[in-house]
Amino acid sequence: MTTVEINFDGLVGPTHNYAGLSLGNLASASNAGAVARPRAAALQGLEKMRRVMDLGVAQGFFPPPLRPTPAPLRAAGFQGSDAEVLAAAAKADPALFRAACAASSMWTANAATVIAEADSGDGRLHLVTANLASMLHRAVEAEETHALLRAVFADQDRFAVHPPLPLGVHFGDEGAANHMRLTPSHGERGLNVFVFGRPRGGPFPERQALRASQAGARLAGLGAEEAVFALQSGEAVAAGAFHNDVVAVSNERVLLAHPEAFDRPEILYEAIRGHVAGAEIIEVQDISLADAVSTYLFNSQIVTLPGGGMALILPAEVRENPGVWEALQRALGGSSAITEVVVVDVRESMRNGGGPACLRLRVPASEAARAAIRPGYLLTPARWDQLAALVERLWPESVGPEDLLEPDLWAAARAADAALRDFVRCA
Ligand code: SUG
């Protein structure tokens, strides 16, 4: 039984915008109020998906939920038609309105923690929907994401989709962005590394709670052997690494990390080496945390190539920083596993703190599990072409802060939403 990894990328929505909503995410803060380009953003994301598909790696996508969404505004007591609710909230509670406009579901690394069939207690693939409790605009996503995951992974013989933990910020859960799986190969038993934070008096929130990671491991039935919990370094969080995937990435037996990613790296590395034969731990030396955060070197994707070897899919910002680029070349000089480097442009997403790895949820799936996934969410070259054409046709070229108040934009978002529903249904 062959198990391959499927990357499910979040399609950037038609109201993608920069609202500076994420404290501790330096890119989000510094681009607050800038004019966003939803069409270009969605096409950049689609190009990345295409590059991955062209490498022979399976690719899926998640449609964006409707934004702005009236649901949290109604929950907060605004009444009337959708348009009335949006207009009233925009006036009375602009911060809540901006949260209802956020296009942040595109970063599907925060959709759920995925526990592979080979590791889970019951042999099913488990998806624990993230509650994203530490940021208002992201918490709005959790129930919608749960509904989406239940639709994509509907077969309960193969999949267990867990609801978001309803326990608030003490159980803050940011999904796969704080989870890595080290294993000899996708189909074999692996070591699940859960990276958490804790309040340490630093300048920024530490979003992932240890108890949430422990709950996820428990829900998926992971044995003590299959899970390890590692504290993120406070320096990394203070430098803007609001998720672990800003400073570390893994694939099968390879871990690529900044030396200051973890509080006690040697303990984690020992656990990995003890669990995974031939583990390759690559620390990239001589780059500052500030450079790691501004280039998103570690927010790259590492994917296993069907013909052997692995590709490292990097954001263009890495190549544009000669010091970081050279440090990477030196680090990979000794690597036997990473055989190819691919550079992608996801600048529109990067400006909100989302690199290539943030944009995708990795799902290792056996052939049987893969066959059980709703086909409308999987991409083929022909379906990719249709999706790109739909974006070209329906996504606005630009969205500035004032545009979010325009009923015309809300109508455009609804039209795009309807078209996507048809697209998914017609697979
Ligand atoms: O949660 N940005 C997202 C970026 C998430 C990146 N994901 C991973 N690292 N896996 C966040 O901070 C900014 C939205 C705004 O400011 O408009 C935002 O939500």
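Atoms within a ligand are numbered from 1 in the order they appear, just like the ligands themselves. Residue numbers count from 1 along this sequence.
In this structure, Phe8 has its ring center under 6.0 Å from that of Phe153.
Note that Arg207 lies outside the cation-pi zone of Phe196, set by a 6.0 Å cut-off to the ring centre and a 45° limit from the axis.
The shortest side-chain heavy-atom distance between Leu222 and Asp119 falls under the 4.5 Å cut-off. Side-chain contact between Leu404 and Pro68 is absent, with no heavy-atom pair separated by less than 4.5 Å. For the pair Tyr296/Val318, no side-chain contact is recorded, criterion being any heavy-atom separation below 4.5 Å from C-beta on. Here the side chains of Leu125 and Val114 are in contact, with some heavy-atom distance below 4.5 Å.
If you check the side chains of Ser105 and Glu144, you find no donor sitting under 3.5 Å from an acceptor. No hydrogens or angles considered: a donor-acceptor pair under 3.5 Å links the side chains of His16 and Glu348. There is no side-chain donor-acceptor pair under 3.5 Å between Glu226 and Ser120. Glu260 and Ser233 share no side-chain donor-acceptor pair at under 3.5 Å.
Every N/O-N/O distance between Tyr18 and ligand 1 stays at or above 3.5 Å. For ligand 1, the polar-atom distance check finds an N/O of Asp245 within less than 3.5 Å of one of the ligand's N/O atoms. Taking any N or O of Asn299, backbone or side chain, none lies under 3.5 Å from an N or O belonging to ligand 1. Close N/O approach between Phe242 and ligand 1 is not found [any backbone or side-chain N/O within under 3.5 Å]. For ligand 1, the polar-atom distance check finds no N/O of Val246 at less than 3.5 Å from any of the ligand's N/O atoms.
The pair Glu225-Arg189 does not meet the salt-bridge criterion, since no charged nitrogen lies less than 4.0 angstrom from a carboxylate oxygen. Between Glu280 and Arg253 there is a salt bridge, since at least one side-chain N of the basic residue sits less than 4.0 Å from a carboxylate O of the acidic one. Residues Arg330 and Asp286 are paired through a salt bridge, judged by an N-O separation under 4.0 Å between the basic side chain and the carboxylate. Using a 4.0 Å cut-off between charged nitrogen and carboxylate oxygen, Glu117 and Arg370 do not count as a salt-bridge pair.
Atoms of ligand 1 found under 4.0 Å from any heavy atom of Ser104 (numbered from 1 in listed order, with element): 19 (O). Each of the following atoms of ligand 1 lies closer than 4.0 Å to a heavy atom of Asn25: 2 (N), 3 (C), 4 (C), 11 (C), 12 (O). Near His243, meaning under 4.0 Å from any of its heavy atoms, are these atoms of ligand 1: 7 (N), 8 (C), 9 (N), 10 (N). Listed by atom number, the atoms of ligand 1 under 4.0 Å from Ser28 heavy atoms are 13 (C), 15 (C), 16 (O). Atoms of ligand 1 found under 4.0 Å from any heavy atom of Gly353, numbered from 1 in the order shown, are 4 (C), 6 (C). Numbered from 1 in the order shown, with element, the atoms of ligand 1 that lie under 4.0 Å from a heavy atom of Ala177 read 10 (N). Residue Ala109 approaches ligand 1 through these ligand atoms, each under 4.0 Å from one of its heavy atoms: 10 (N). In the vicinity of Gly20, heavy-atom distances shorter than 4.0 Å reach the ligand 1 atoms 15 (C), 16 (O), 17 (O).
Protein heavy atom closest to atom 5 (C) of ligand 1, with residue, atom name and distance, is Arg138 NH1, 3.5 Å. In terms of protein heavy atoms, atom 17 (O) of ligand 1 is closest to Ala19 N, 3.0 Å. Looking at atom 2 (N) of ligand 1, its nearest protein heavy atom turns out to be Asn352 O, 3.0 Å. Nearest protein heavy-atom contact of atom 8 (C) of ligand 1 is Cys358 SG, 2.8 Å. In terms of protein heavy-atom proximity, atom 19 (O) of ligand 1 is nearest to His137 NE2, 2.7 Å. The protein heavy-atom contact nearest to atom 11 (C) of ligand 1 is Ser22 OG, 3.4 Å.
Ligand 1 lies within reach of Asn17, whose nearest heavy atom is under 4.0 Å from it. The closest approach between any non-hydrogen atom of Ala102 and ligand 1 is not below 4.0 Å. Contact analysis leaves Glu174 out of contact with ligand 1, as no non-hydrogen atom separation drops below 4.0 angstrom.
Only the side chain of Arg207 comes within 4.0 Å of ligand 1, counting heavy atoms alone; its backbone N, CA, C and O stay farther away. Under 4.0 angstrom from ligand 1, the non-hydrogen atoms of Asn110 all belong to its side chain.
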